[in-house]
Amino acid sequence: MNLMTLYYKLLSEYRDPVNYWPQWCAVNKSVNEREKIIIGMILVQRTSWHNTNIALKNLKQSNLLSVEKIAELSNLNNLTELIRPAGFFQSKPTRLFDVCTFIKKSGGIENLLNKDADNLRAELLHIKGVGKETADTILLYAFDKPVFIIDEYTYRWSEKHDVPIGRDYDDLQLYFQNQLESDAALYQKFHALIIISQRGRDKSLMEIV
DNA sequence: CACCAGGAATGTA
DNA sequence: TACATTCATGGT
């Protein structure tokens, strides 16, 4: 069974993933929504969405759920307290600040949207705290670039469905992208379905819209 | 109380 | 290159 067949099977079982993640799979995302996705992706690293949502809510209440405003901070003390529920308080504030600073110095989301996916990916990977998974998640969901995300869910799903590729990020990503048409909307829905189809106890997702 | 939740940097051989 | 360790919070 090829990946497209498996995708349609997932669709038939779980319906349209856009209903589960409207803010992620939306066709027309605002700049602000894209920023929230990026901020969320940094905060959720090795953390549950439940905890991440608390941190996001704190940022919103302090009017800091913004790349610009985070990048303009003179110190990270307040930011550290606000995102503490997301854990790793000694590293995440700096990671978040660095990502926001990069975006601001690059001319903002609007400017980065025009950049080539490969070049943007390389630039993101230069930021300390941004690895392949985070970079690709940002590319796919915040910038709508056709890059398939490889994460623990993708590994488990691939193994379960006998995808003939081992546990290697680059190999598995190439396989998905070679088997599927290069389409960001397809990748977004496909990956959302992979997650939805195997969520465990914590069924929470990103809440902030 | 033990374990987990969409990682990435760092150190070791 | 490949693998182990470390980092922190809130829920189950």
Side-chain angles (χ1 to χ4, degrees), chain A residues 10 14 17-18 20-25 34 36-62 76-102 121-145 147-161 163 165-174 176 184 187-208:
Chain A
L10 278 173
Y14 300 97
V18 174
Y20 293 84
W21 282 355
Q23 68 273 47
W24 288 45
C25 300
R34 297 181 194 279
K36 290 170 185 172
I37 290 174
I38 294 171
I39 294 170
M41 293 327 304
I42 301 300
L43 294 178
V44 81
Q45 288 179 353
R46 195 56 183 172
T47 303
S48 64
W49 271 112
H50 173 82
N51 283 18
T52 304
N53 284 328
I54 298 174
L56 287 171
K57 194 174 299 179
N58 289 343
L59 288 176
K60 188 177 184 182
Q61 284 184 349
S62 294
L76 305 184
N77 297 335
N78 185 32
L79 182 68
T80 301
E81 291 313 307
L82 293 174
I83 69 174
R84 183 177 286 273
F88 304 96
F89 69 89
Q90 295 192 357
S91 57
K92 275 188 182 175
T94 305
R95 291 178 178 179
L96 183 55
F97 178 78
D98 288 348
V99 170
C100 291
T101 299
F102 162 76
R121 186 177 197 262
E123 292 187 56
L124 288 172
L125 289 176
H126 279 305
I127 305 170
K128 186 179 289 186
V130 179
K132 291 175 183 175
E133 182 180 332
T134 302
D136 290 340
T137 306
I138 290 174
L139 287 169
L140 179 61
Y141 285 115
F143 291 103
D144 297 320
K145 302 292 187 185
V147 177
F148 208 94
I149 299 167
I150 307 301
D151 56 10
E152 193 58 35
Y153 286 108
T154 310
Y155 285 129
R156 286 199 295 259
W157 186 89
S158 298
E159 191 174 356
K160 179 180 178 182
H161 297 281
V163 173
I165 301 294
R167 197 182 179 78
D168 181 277
Y169 194 101
D170 297 332
D171 290 346
L172 191 54
Q173 182 177 52
L174 280 177
F176 269 89
Y187 292 179
Q188 288 169 352
K189 293 176 186 176
F190 201 148
H191 189 259
L193 286 168
I194 287 177
I195 292 179
I196 291 167
S197 69
Q198 59 175 306
R199 274 186 297 172
R201 299 191 302 269
D202 183 8
K203 293 185 182 303
S204 59
L205 297 171
M206 182 185 245
E207 288 175 358
I208 303 285

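Scope of the values below: all heavy atoms of this structure, side chains included, with no hydrogens, waters or symmetry mates. Every chain is numbered from 1 and lettered A, B, ... according to where its sequence line falls, protein lines coming before strand lines.
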Exercise for review: For B:dT10 versus C:dA8, give the span between their P atoms, rounded off to a whole number of Å.
Suggested key: 14 Å
Review point. For nucleotides 7-13 of chain B, read 5' to 3', which letter fits each nucleotide if B means a protein heavy atom sits under 4.0 Å from the base, S means only the sugar-phosphate is that close, and - means neither?
Key: BSSS---
Practice item. Answer yes or no: is there a donor N or O on one side and an acceptor on the other, between the side chain of A:Q198 and the main chain of A:Y153, under 3.5 Å? Key: yes
Exercise for review: In whole angstrom, give me the gap between the P atoms of C:dC3 and B:dG6.
Suggested key: 25 Å
Check your understanding: What is the distance from CH2 of A:W49 to C1' of B:dC4, rounded to the nearest Å?
Key -> 17 Å
Practice item. Using whole Å, report how far CD1 of A:I54 lies from P of B:dA5. Key: 17 Å
Study note, to complete from the structure: The salt bridge (charged side-chain N to carboxylate O under 4.0 Å, His left out) partners of A:E123 (sequence neighbours excluded) come to A:K115
Practice item. For A:I149 and B:dG6, give me the distance from atom CD1 to atom P, rounded to whole Å. Key: 13 Å
Check your understanding: Can you check whether A:I83 reaches A:N58 side chain to side chain, under 4.5 Å on heavy atoms?
Key -> no
Practice item. Look at A:R156 together with A:E159 and state whether they make a salt bridge at an N to O cut-off of under 4.0 Å. Key: no
Review point. Do the two ring centres, one from A:F148 and one from A:F190, sit under 6.0 Å apart?
Key: yes
Practice item. Calculate the interatomic distance between A:L193 atom CG and B:dG6 atom P; express it in whole Å. Key: 17 Å
Check your understanding: For C:dG10, does OP1 or OP2 lie under 4.0 Å from any side-chain N or O of A:H50?
Key -> no
Check your understanding: Reckon A:T154 touches a base, only the sugar-phosphate, or nothing at all at heavy-atom distances under 4.0 Å?
Key -> nothing
Point to revise | Separation of atom CG in A:N51 from atom P in C:dT12, rounded to whole Å | key: 11 Å
Point to revise | Rounded distance in Å - CZ (A:R156) to C1' (B:dC4) | key: 11 Å
**Study point:** d(CG, A:L43; P, C:dT9) in whole Å
**Key:** 14 Å
Check your understanding: Would you say the side-chain atoms of A:T154 pair up with the backbone N or O of A:I149, donor to acceptor, closer than 3.5 Å?
Key -> yes
Review point. To the nearest Å, how far apart are A:M206 CE and B:dA5 C1'?
Key: 15 Å
Point to revise | Nearest-0.5 Å distance, CD1 of residue A:I39 to NZ of residue A:K60 | key: 12.0 Å
